[in-house]
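Worksheet for the structure shown next.
No hydrogens, no waters, no symmetry mates; every other heavy atom, side chains included, goes into these values.
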Amino acid sequence: MKASEVRELSLEEMRRKVADLKEGLFNLRFQDEIGQLENPQKMKQTKRDIARIKTVIRESELKNNTDTE
């Protein structure tokens with residue numbers, strides 16, 4: 001997921017997406033531990049997607065704070 005795609009989402013959608021990705025990451029870690037993970041790069045990509053969305057959320061929070069000051 002690209003940052004431009006994330007910016008098109010609403011704040012609530014971004015938070016829901018982070019929660020879904022964290023649940024997916026948990027499942028990937030579980031699959032990794034039991035040896036059923038087919039694509040190890042999926043874990044790396046999921047972590048990056050979570051970080052990317054959290055960054056955009058933080059940017060919007062900071063923007064809202066500077067707009068109100």
Interatomic distance, NZ@Lys22 vs NZ@Lys47, rounded to 0.5 Å, equals 13.0 Å

Atom CG in Leu37, atom CG in Asn27: separation rounded to 0.5 Å?
-> 11.0 Å

Got Ser60 and Leu11 here, is their nearest side-chain heavy-atom distance under 4.5 Å?
-> yes

If you link ILVMFWY side chains whenever their heavy atoms are less than 4.5 Å apart, which other residues fall into the same cluster as Leu62? By chain and number, please.
-> none

Check whether any side-chain heavy atom of Lys2 sits under 4.5 Å from a side-chain heavy atom of Arg52, and report yes or no.
-> no

In this structure, CD of Gln45 is separated from NZ of Lys42 (nearest 0.5 Å) by 7.5 Å

Side-chain (Glu13) to main-chain (Ser10) donor-acceptor, under 3.5 angstrom = yes

With side chain to side chain contact (heavy atoms under 4.5 Å, CB included) as the test, would you mind laying out the steps for Glu38 and Gln31 before giving the verdict?
-> CA-CA 9 Å; Glu38 294 176 13; Gln31 288 177 5; over 6 Å; no

At what distance, to the nearest 0.5 angstrom, does CD1 of Ile53 lie from CE of Met14?
-> 8.5 Å

Any side-chain heavy atom of Lys54 sitting closer than 4.5 Å to one from Arg58?
-> no

Roughly how far, to the nearest 0.5 Å, is the NZ atom of Lys17 from the CD1 atom of Ile50?
-> 10.5 Å

Take Glu33 and Arg29, measure what side chain to side chain contact (heavy atoms under 4.5 Å, CB included) needs, and give me the verdict at the end.
-> CA-CA 6 Å; Glu33 285 298 316; Arg29 286 180 176 149; 5.8 Å; no

Drop me the distance from Thr46's OG1 to Gln41's CD, to the nearest 0.5 angstrom.
-> 10.5 Å

